[in-house]
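Read the structure below first, then the notes.
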Amino acid sequence: MPSLGRLHLITDTRPGRDPLTVLRAALAVARAELVVQVRVEDDATDREAYDLTRRVVALCAPYDVTCLVNDRLHVALAAGAAGGHVGADDLPVGAARRVLGATAVLGATAREPGTAAGAVAAGASYLGVGPCHTTGTKAGLPAPIGPAGVRAVADAVDVPVVAIGGVTAARVPALLAAGAYGVAVVGALSGAADPGRATAELLGALGC
């Protein structure tokens, strides 16, 4: 499995956002500490997802950065990504592992210890845990679990735990203290006036 960076950037493809510009700025600062997860809006076509993923893979390659695709595992395979990430309403982890193969990176979403342990047993390489804090990036999310929820999951598994949801540089130390290996962000970079500077601040908080 490719090495897993500690700062995960999830692409923001909402209207008015520029995910590739944000990615270029983050890559220049974070390099191999970055993992990029391509996530598109639900109404995006597979072709749109594929085209974006191919561009992201090409941008990541010179930095040896891992590129994953959220949900659309067939797009991950077709575009040459290193793996994918599945949420609670996507393919079950075991089925996703069969689709991607034994060596791919496979992330799974979890917010409580039992689900987390089951995902790892089914083949998850790492867990995305949250939302840790309130976030406006994605609608319909459950209540935040806070650092205490992250700790409960981290104590139950032996794979990297990546905290997500309302993550800012100021909140990173508490999440690390709770057992998080790294953090995943959307708005903290896509909404930043200077994504490169915001990346540096997050890396500093992570101790990278």
Side-chain angles (χ1 to χ4, degrees), residues 1-14 17-41 44-87 90-91 96-109 123-128 137 159-164 167 181-192 194-208:
M1 186 185 86
S3 62
L4 194 70
R6 298 180 67 195
L7 176 59
H8 292 222
L9 168 61
I10 300 175
T11 59
D12 190 348
T13 59
R14 292 174 295 174
R17 303 291 180 162
D18 188 351
L20 295 178
T21 295
V22 172
L23 173 58
R24 290 187 187 97
L27 281 169
V29 176
R31 297 180 175 265
E33 282 297 339
L34 195 68
V35 172
V36 183
Q37 184 185 137
V38 177
R39 187 169 78 186
V40 297
E41 298 299 292
T45 65
D46 282 348
R47 180 57 180 268
E48 289 169 333
Y50 173 79
D51 288 345
L52 176 59
T53 303
R54 288 289 292 171
R55 296 179 73 180
V56 170
V57 168
L59 288 171
C60 289
Y63 299 94
D64 197 27
V65 163
T66 298
C67 174
L68 309 175
V69 177
N70 182 278
D71 179 17
R72 305 188 194 202
L73 304 185
H74 57 301
V75 171
L77 292 170
H85 185 101
V86 291
D90 300 330
L91 277 179
R97 174 54 74 194
R98 291 193 293 275
V99 169
L100 291 176
T103 61
V105 179
L106 174 58
T109 298
S125 311
Y126 76 92
L127 297 176
T137 302
V159 300
V161 165
V162 178
I164 184 171
V167 173
Y181 166 82
V183 297
V185 298
V186 183
L189 292 184
S190 72
D194 185 342
R197 180 182 179 87
T199 298
E201 291 173 351
L202 285 163
L203 290 173
L206 286 164
C208 300

Smallest separation among heavy atoms of [X] and [Y], with atom names:
X	Y	answer
A188	L202	CB-CD1, 4.4 Å
T66	A82	CG2-CB, 3.7 Å
C60	V36	SG-CG2, 3.7 Å
V65	L34	CG1-O, 3.2 Å
R17	G191	NH1-CA, 3.2 Å
L73	G84	CD2-CA, 4.1 Å

**Partner set under side-chain hydrogen bond (donor to acceptor under 3.5 Å, both in side chains) for R54, not counting sequence neighbours** = none
**Message:** Atom CZ of residue position R55 - does it have more than 12 heavy atoms of other residues, nucleotides or ligands inside 6.0 Å?
**Reply:** no
**Other residues, nucleotides, ligands: >12 heavy atoms within 6.0 Å of D64 CG** = no
Rounded to the nearest 0.5 Å, what separation is found between the [atom1] atom of [X] and the [atom2] atom of [Y]?
X	Y	atom1	atom2	value
D51	T45	CG	OG1	7.5 Å
C67	L59	SG	CG	9.5 Å
L52	L20	CG	CG	5.5 Å
L68	H85	CG	NE2	9.0 Å
L9	R39	CG	CZ	10.5 Å
T11	L189	OG1	CG	12.0 Å

**Request:** Kindly indicate, with the supporting measurements, whether the criterion side-chain contact (heavy atoms from CB on, under 4.5 Å) is fulfilled by R72 and T53.
**Result:** CA-CA 11 Å; R72 305 188 194 202; T53 303; over 6 Å; no
Does the side chain of [Y] come within less than 4.5 Å of [X]'s, by heavy atoms?
X	Y	answer
D71	V86	no
V38	V75	no
P19	D12	no

Closer than 3.5 angstrom, by distance alone: can the side chain of [X] be matched with the main-chain N or O of [Y] as a donor-acceptor pair?
X	Y	answer
R6	C208	no
E33	A30	no
Y181	L4	yes
R97	A124	no

**Asked** Can you list every ring pair (Phe, Tyr, Trp, His ring centres under 6.0 Å) pair that touches residues 44-75, not counting sequence neighbours?
**Response** none
**Worked check of side-chain contact (heavy atoms from CB on, under 4.5 Å) between L127 and T109** = CA-CA 6 Å; L127 297 176; T109 298; over 6 Å; no
